[in-house]
Amino acid sequence: MLQIKRKRNYGIDIARILSMFMFVVLHNLLQGGVLDFSSLSTANLVYFYLENLCIIAVNLFALISGYLMVDRKWKWQKLIILWCTVIFWSVVTTLGFMAFKGTFNAKLLVKSFFPVLLNQYWYFNGYIVLFLLIPFLNAPMSINGTSFSKHSF
């Protein structure tokens with residue numbers, strides 16, 4: 001297999017930072033309740049425009065993830081570590097919100113321990129599917145018996 005020497009691509013780093021910033025803006029606008037769909041005030045129109053600018057965040061982050069996984073070695077450990085990280089932050093934030101609100105919800109706490117199995121985080125579930133497809137996406141292509149690598153084109 002052709003080994004590619006990788007060096008840091010600052011454009012990709014900037015795009016990743018930008019997409020994360022857009023995630024924060026989107027979550028503040030929608031889940032934070034900043035957008036008011038019943039009002040057409042000037043401020044609300046600016047918020048709608050900001051939402052339209054930031055709506056590409058998910059697609060941008062997915063493209064960056066896919067680009068960075070090209071010709072990378074596929075290891076189960078990476079997925080398990082990421083899965084444990086998701087569970088950790090799911091439980092910590094759930095417990096934090098429960099402590100902040102002063103209430104306890106056993107059902108919500110159980111859901112926080114199984115975010116993937118109970119479909120709590122749609123993006124992470126999609127990422128797992130992409131991660132499992134990496135070996136097939138990185139496999140050499142063959143057309144009519146002629147073998148091609150991604151670097152042939």
Who pairs with [X] by side chain to side chain donor-acceptor pair (under 3.5 Å), at least two apart in sequence or on another chain?
X    : value
N9   : none
T94  : none
Y123 : none

Run the side chain to side chain contact (heavy atoms under 4.5 Å, CB included) test against S41 and tell me which residues pass, sequence neighbours left out.
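So S41 forms a side chain to side chain contact (heavy atoms under 4.5 Å, CB included) with S39, A43, N44.
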All side chain to side chain contact (heavy atoms under 4.5 Å, CB included) counterparts of N119, not counting sequence neighbours:
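For N119, the residues satisfying side chain to side chain contact (heavy atoms under 4.5 Å, CB included) (neighbours in sequence not counted) are N125.
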Residue pairs involving residues 9-33 (criterion salt bridge (charged side-chain N to carboxylate O under 4.0 Å, His left out); sequence neighbours excluded):
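Found R8-D13.
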Pairs satisfying salt bridge (charged side-chain N to carboxylate O under 4.0 Å, His left out), at least one member in residues 74-88, at least two apart:
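For residues 74-88: none.
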Return all side-chain donor-acceptor pairs below 3.5 angstrom for residues 27-35, not counting sequence neighbours, or 'none' if the list is empty.
| from | atom 1 | to | atom 2 | distance (Å) |
| --- | --- | --- | --- | --- |
| H27 | ND1 | F23 | O | 2.9 |
| N28 | ND2 | V24 | O | 3.0 |

For residues [X] and [Y]: do they belong to one hydrophobic cluster (side chain heavy atoms under 4.5 Å, members Ile, Leu, Val, Met, Phe, Trp, Tyr)?
X    : Y    : result
L108 : F114 : yes
F100 : F104 : no
V91  : I81  : no
L117 : F124 : yes

Could you pull out all donor-acceptor pairs under 3.5 Å where a side-chain atom in residues 45-63 meets a protein atom, sequence neighbours excluded?
| from | atom 1 | to | atom 2 | distance (Å) |
| --- | --- | --- | --- | --- |
| N52 | ND2 | F48 | O | 3.2 |

Among residues at least two apart in sequence or on other chains, which ones pass ring pair (Phe, Tyr, Trp, His ring centres under 6.0 Å) with W122?
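Scan of W122 (ring pair (Phe, Tyr, Trp, His ring centres under 6.0 Å), adjacent residues dropped) gives none.
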Could you check if a side-chain atom of W83 sits within less than 4.5 angstrom of a side-chain atom of I128, using non-hydrogen atoms only?
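Sidechains of I128 and W83: in contact.
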State, with a plain yes or no, whether a side-chain heavy atom of F131 is found less than 4.5 Å away from one of L82.
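Sidechains of L82 and F131: no contact.
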Can you tell me how far apart [atom1] ([X]) and [atom2] ([Y]) are? Round to the nearest 0.5 Å.
X   : Y    : atom1 : atom2 : result
M69 : L133 : CE    : CG    : 11.5 Å
S19 : I64  : OG    : CD1   : 4.5 Å
L79 : I134 : CG    : CD1   : 9.0 Å

What's in the same ILVMFWY side-chain cluster as V92, cut-off under 4.5 Å, chained through other members?
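Answer for V92: F88, W89.
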Check the surroundings of atom OH in Y121: do more than 12 heavy atoms from other residues, nucleotides or ligands lie under 6.0 Å from it?
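Yes, enclosed.
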Is the side chain of S112 donor-acceptor paired with the backbone N or O of L109 at a distance under 3.5 Å, no angle test?
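Yes, because the side chain of S112 sits within donor-acceptor range (under 3.5 Å) of the backbone of L109.
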Work out which heavy atom in P135 is nearest to a heavy atom in L132; give both atom names and the distance.
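Smallest heavy-atom distance, with atoms named: CD-O, 3.5 Å.
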Quick check: closest heavy atoms across F113 and P115, and the distance to 0.1 Å?
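Distance-wise, the nearest heavy atoms are C-CD, 3.3 Å.
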